[in-house]
2 protein chains.
Amino acid sequence: MIDRIDRRILSILQEDCTVPVAEIGRRVGLSTTPCWRRIQKMEEEGVITGRVAILDPKKVNAKVTAFVSITTNQHSEDWLKKFADVIREFPEVVEFYRMAGQVDYLLRVAVPDIEAYDSFYKRLIAKIDIGDVSTTFAMEQIKNTSALPLQYVAAEKPRAEER
Amino acid sequence: MIDRIDRRILSILQEDCTVPVAEIGRRVGLSTTPCWRRIQKMEEEGVITGRVAILDPKKVNAKVTAFVSITTNQHSEDWLKKFADVIREFPEVVEFYRMAGQVDYLLRVAVPDIEAYDSFYKRLIAKIDIGDVSTTFAMEQIKNTSALPLQYVAAEKPRAEER
DNA sequence: TGCGGATGGGAAAAATTTTCTCTATCATGC
DNA sequence: GCATGATAGAGAAAATTTTTCCCATCCGCA
């Protein structure tokens, strides 16, 4: 189980995973070793799935975000598998959801500009037959974080009477 | 400028930033020092904005994704500032865009379940008067990566005749 | 009372990052 | 053609950090 201290460790690591373990320990009131062991455990359990570098979209020329809503009449397992495989080939697609409601699928696409989006779109529809597509562009990214909320993590270690 | 080697370094670091510099150097055909210096430079220039731990949404009980489309008649600078400040207080909101088109703002919200979304929604509208709100839920996250596409990064070092 | 499991701590070993010094290459000006 | 300075690469050493090892403490329970 994840306790209060683990949660604080996760909070630190979600913001900046270059902080030395000794410093994390200091902040959460532990020495290096137990702090290190907690981090190890959370990696083994899959709570922490990895550590990655975050890039500036402007600096890598991918500052335009497009949301692509897809409504299709194709609903077979096979078609979805094919679709998912095609999408995975496009690094421009950074998020891909199957939706409830009117829209069947939603993509978030990162490109330099509208022209590049159009080129992406043509390459996409050349690869697979999708249905109705509707695209909207973001003017401004006001917040975009990889940090998930931690207030919902499963409660403290269950006490004896709860087991 | 970012050259071919820098791009390969970024590609590695976007997937996994725990790879030792010596190993990155080996993969891109450089020794440790020049590879380290390239990474340093990209951090100083702000190409790399940070390194973070990625958590498993299931394991931290935030596996439900809701997209919230907001249409408002409030368009003043002040209102947006207030709105942005309110949003930043909610760790459930992981993405926040100002949009072109019909919808004015789009939020992506991470919560454990529909009930938690409803609670979030009530807390949000208690804090600020927003206009029309429409929420759709994702059934499945097929792809979600922090890695931006790198094929658009500004061209190779300009050669003499191009300057 | 004593045992086993879980958790914390200090110190040492191992690995990695960071610095320092030295070369090679190349475009440029003389 | 040849010095010169800027740019980029390399190896070795120093500094820092991670990782391991061994031991102490606490707690529930038989």
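Sequence lines set the chain letters: A, B, ... in the order given, protein chains first and strands last, and positions in each chain run from 1.
The existence of a salt bridge linking A:D118 and A:K122 is confirmed by a sub-4.0 Å separation between a basic side-chain nitrogen and an acidic carboxylate oxygen.
Comparing D:dT19, C:dG9, D:dA10 against the side chain of A:Q40 picks out D:dT19 as the nearest. Closest approach to the B:W36 side chain among C:dT18, C:dG8, D:dA10 is made by C:dT18 (side chain taken as heavy atoms from C-beta onward). Listed candidates were C:dC20, D:dG9, D:dC21. Nearest to the side chain of A:T33 is D:dC21.
The distance from atom CD1 of B:I24 to atom P of C:dA15 is 18 Å, rounded to the nearest whole Å. One can place CD1 of B:I9 at 13 Å from P of C:dT17, the figure rounded to the nearest angstrom.
In this structure, the ring of A:F90 has its center less than 6.0 angstrom from the ring center of A:F120.
The aromatic rings of B:Y105 and B:F96 sit tilted, their planes meeting at an angle between 30° and 60°.
The shortest distance between the side-chain N/O atoms of A:R38 and the OP1/OP2 oxygens of C:dG8 is below 4.0 Å.
Side chains of B:Q151 and A:E92: a donor on one and an acceptor on the other come within 3.5 Å.
Not a single donor-acceptor pair, N or O on each side, falls under 3.5 Å between the base of D:dG11 and the side chain of B:T32.
The residue among A:V19 and A:R37 whose nearest nucleotide of DNA chain D lies closer to the 5′ end is A:V19.
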